[in-house]
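Report on the following structure.
Chain letters run A, B, ... following the sequence lines, proteins first and then strands; every chain starts at 1. Note that the structure is predicted; figures quoted are calculated from it, not measured.
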Amino acid sequence: MPSMSGLAAQLIANGIIAGAIYALVAAGFSLIYNVAKFVHFAHGSVLALGAYFMFTFTSTKMPFIPAIILTIGATCIAGEVINRLVYRQLRERKASNAVLLIASLALMIFINALIIAVWGADIKTIVMPYENPVFELGDVLITGVQIDIIITAVVLLLVLWWLMKKTRIGKGMRALADNKDVAQTVGINPEKMYSIAFLIGSVLAAVAGILIGIEQNLHPVMGVSLMIKGFTGAVIGSLMSVPGAVLGAFLLGIVENVGIWWLPSGYKDAIAFALLFAFLLFRPQGLLGKKMREA
Amino acid sequence: MAFENYLIHLGILLCIYVMLTISLNLSVGFTGLLNLGHIAFFGIGAYASALLVLHGYPLWIGILGAALIAGLVGALLAVPTSRLKGDYLALATLGFLFIMGTIARNWTGLTRGPLGLPGIPRYTAENQTLLIIAAVTALAMTGIIWIITRTRFGKTLQAVRDDELATQMLGKNTFAHKIASMGLSALLAGIAGSFFAHYISFIDPSIFSSGDTILVFSMLIVGGLASVPGSLLGATIILLIPEPLRFIGFPSALVGPMREMLFALILLLILIYRPKGIFGKVDFQ
Amino acid sequence: MNNMLLRVYNLDKHFGGVYAVHNCTFGVREGTITSIIGPNGAGKTTAFNLITGILKPDKGTVWFKKKNITGLRPYEVARTGISRTFQLAKVFKYMSARDNLLIARQASDKELQKALDQVNYARELDTIAGELSYGNQRLLEIARALLLPHELLMLDEPTAGVNPKVRQELKSILKNLKKQGKTIVLIEHDMDFVMSISDEVIVLNEGTVLTSGTPAQVRKNKRVLEAYLGK
């Protein structure tokens, strides 16, 4: 019988693992939101595509690493197709943010249905060629895959941070996020930056999809609840910054998992939705954001 | 005989979707409130009516209860959300839909959770009669909305949509107008929900589906925001166009997803090439 | 001596540490035309927004017809009898000119047409507002503001962005209103116009009242010149 503090530690560990996944989702989504200034709600479905691509590639018994690379590549292509075929067309026609949001929801439905049509509605699993040992750290049980999740997420997020802060491309994207008109006057090409943001977002989505596919299983609407969690994390932290989104996502993971100490586990999702709703209504700038000036 | 039953079923579904689309038009097209959670009111109405009738109350109490409860929830939802701008409002209302779904799934004492509510009494066993009732209700709702939009209240709603600040400076309490609009829109959706529950005889938490809310949205957009005939046309097009898929000979497992892909595609095409919809004169702001 | 219809006392409004309006005090007499002038960023529109309830002052009060209207919501302010237009003409773009006007007041088509003729609006009652030229939108907005029952009319840069012909029409409209004894406050940049039509000129600079008086007095004031041209 684990001690109270042991149980708490396990729940927090679970929270960090969930938070790591949510952070990958939130980071990609938040990048696109800040650079391209709209809610790309189909991001979760792109993640699901990544998971299913991985399923297909590993089913051919190809080695693991090439499968990962192919999956990431295929997901990036899918992401750019969405960007060019749908969002760019709308942008060129001066569509409002509301229209882009609705389009992203239509895309979400389209991709979810496509997944069912191509792969079927049943639950699938990705068979790992490696073992998945369980480690004991004090009272906390954690699997090898779960450790991988945390390490991968942290590494990728650090790479993303480096990209945004230290590279020219990152600075270009941040300039665009800050002020589109001024950024253009210094020669930044918005569409090029949007494509890069989508590329990075797709990479993060693909990785998250692979990790979840391995850790849990695949089902056609897996992207929807992850999108909601990632989005909620971004709102809680701050929609206006990528680090804020990451922080909020980790926070959400922890609160969710610790919260089910008191509530039945079916209410896990309810916690996320309730937080999302409350923040959107009462603190839309998130924990870290600044209140926008009233017009 | 089977084909006739299929047509009647399709007709009833069309009437229900017309009710949903025209009620959504009031809050989105005429008032400019981007309510992505509209189906929540549909579900609330369905559950309210089903629960009331299953607990022994007469049918008309079920319908009335559905309308009032859904309308009240809609009005209450408008209170915190109406000061949110465009996409934030959309996301908050979508979040509300998710919350309702979670409540329906988890408050098993009231809703029986995922087991749903079976055996909901129908108005009548005759599907043909139900079709007539549905059609009359749908047309009545359409008529009510059409009349409302020509009243002073209806014109003020449109002014709120076009420029809320200017409307305020003309002495109108726009906050109260938004609450009334959402409340009425929700009330009508609740009635549609009640009808649905007593037609299908079984409801479960899957009624709170985000896919359905976007389906109704696409009917609204395709027909044209703020156009009453547009809502009728949009519902017809979106519902009917995927139907031939049933007959082309696709394996039945494929028909469902293909319908979804088709209506999502239609919505995307309309958003890109004709965002005002077929009859609409209003854009999204 | 006319009554002070509108008085503002010690209005303060800051945004993120910067004062948009500071210790702003002035009054508007009934039956007069008062112009508020000042360089860009002087706080003129902010003052309008504070009076009409769009913004809440951090300090200070607003009095209209001897009643304290500070902190009232915009629609409540409008109902006390203040009608205003905006820096950018705000028409209901998906509604007809007729419907635009009807929001202000129930009236027959004949009365509505008269309201539009009064401002020399050049299109029909049925024309959708979004299809009008900007000049006509401005005229429609003013006709709508005039139709709303009011005792004080506030116009924020009515001549901005319109072609010279419309600008002339607006000037004659204001001259007519003045003849009718209306109380008007306007924000304007056209100095000749301001000087020719105003009974009182208030000069705002950096959020506070620099000076006020008759056009002649203000014209001679050195500090006003400095404020506009920079020290």
Worksheet item: Where on A117(A) is there a heavy atom nearer than 4.5 Å to chain B: the side chain, the backbone, both, or neither?
Response: both
Fill in: Engaged part of L91(B) at the chain A interface, taking heavy atoms whose separation is under 4.5 Å
both
Response to the item:
Between F98(B) and the options F277(A), F231(A), F273(A), the ring-ring contact (aromatic ring centres under 6.0 Å, His included) test singles out F273(A)
Worksheet item: Which bit of M258(B) comes within less than 4.5 Å of chain A, counting heavy atoms only: side chain, backbone, both or neither?
Response: neither
Worksheet item: In terms of heavy-atom proximity below 4.5 Å to chain B, should L85(A) be classed as side chain, backbone, both, or neither?
Response: backbone
Worksheet entry | Proximity breakdown for L94(B) and chain A, heavy-atom pairs closer than 4.5 Å | side chain
Discussion item. If we define contacts as heavy-atom pairs under 4.5 Å, which of V221(A), I228(A), T232(A), L100(A) has the most with chain B?
Written reply: I228(A)
Discussion item. I need the minimum non-hydrogen distance between I207(B) and A46(B), along with the two atoms involved.
Written reply: CD1-CB, 3.7 Å
Worksheet item: What residue, out of N106(B), L271(B), T102(B), D87(B), has the most heavy-atom pairs lying under 4.5 Å from chain A?
Response: N106(B)
Discussion item. So for R83(B), is it side chain, backbone, both, or neither that comes closer than 4.5 Å to the heavy atoms of chain A?
Written reply: side chain
Practice prompt. Mind running side-chain contact (heavy atoms from CB on, under 4.5 Å) on K124(A) and H219(A) for me, showing each step along the way?
Written response: CA-CA 7 Å; K124(A) 306 234 186 299; H219(A) 57 99; over 6 Å; no
Fill in: Check ion pair R84(A)-E80(A) (N to O, under 4.0 angstrom)
yes
Worksheet entry | Ring centres under 6.0 angstrom apart (F250(A), Y22(A)) | no
Worksheet item: Between G29(B) and R161(B), what is the shortest heavy-atom contact and its length?
Response: O-NH1, 2.7 Å
Fill in: Per-residue contact mode, L165(B) against chain A (heavy atom under 4.5 angstrom)
neither
Worksheet entry | Region of L105(A) in contact with chain B, defined by heavy-atom distances below 4.5 Å | both
Worksheet entry | Pairing of D269(A) and R105(B) as salt bridge, 4.0 angstrom limit | no
Item to complete: Tell me, out of V224(A), V39(A), I102(A), who's got the most heavy-atom pairs with chain B below 4.5 Å.
Response: I102(A)
Item to complete: Mind ranking V86(A), L114(A), L276(A), V235(A) by heavy-atom pairs under 4.5 Å with chain B and telling me who comes out on top?
Response: L114(A)
Discussion item. Return the NZ to OG1 distance between K178(B) and T81(B), rounded to the nearest 0.5 Å.
Written reply: 8.5 Å
Worksheet, complete the sentence: Honestly, the part of L267(B) sitting under 4.5 Å from a heavy atom of chain A is side chain
Worksheet entry | Taking every non-hydrogen atom, the tightest pair across I21(A) and A208(A) | CD1-O, 4.4 Å
Discussion item. Given heavy-atom pairs under 4.5 angstrom as the criterion, report whether the side chain, backbone, both or neither of L89(B) touches chain A.
Written reply: neither
Fill in: P275(B) versus chain A, the contacting section by heavy-atom distance below 4.5 Å
neither
Practice prompt. Go through the atoms of L77(B) and report whether side chain, backbone, both or neither lie under 4.5 Å from a heavy atom of chain A.
Written response: side chain
Fill in: Options I99(B), L215(B), L265(B), L254(B), ranked by heavy-atom pairs under 4.5 Å with chain A, top entry
I99(B)
Discussion item. Counting only non-hydrogen atoms closer than 4.5 Å, does I272(B) touch chain A with its backbone (N, CA, C, O), its side chain (CB onward), both, or neither?
Written reply: both
Practice prompt. Examine F198(A) together with H40(A) and report whether their ring centres are nearer than 6.0 Å.
Written response: yes
Worksheet, complete the sentence: Of F38(A), Y194(A), F41(A), the one forming a ring-ring contact (aromatic ring centres under 6.0 Å, His included) with Y87(A) is F38(A)
Discussion item. Just so I understand: if I count every heavy-atom pair under 4.5 Å between each of I109(A), I116(A), L90(A) and chain B, which residue has the most?
Written reply: I109(A)
Practice prompt. Mark yes when over 12 heavy atoms from residues, nucleotides or ligands other than K276(B) sit less than 6.0 Å from its NZ; otherwise mark no.
Written response: yes
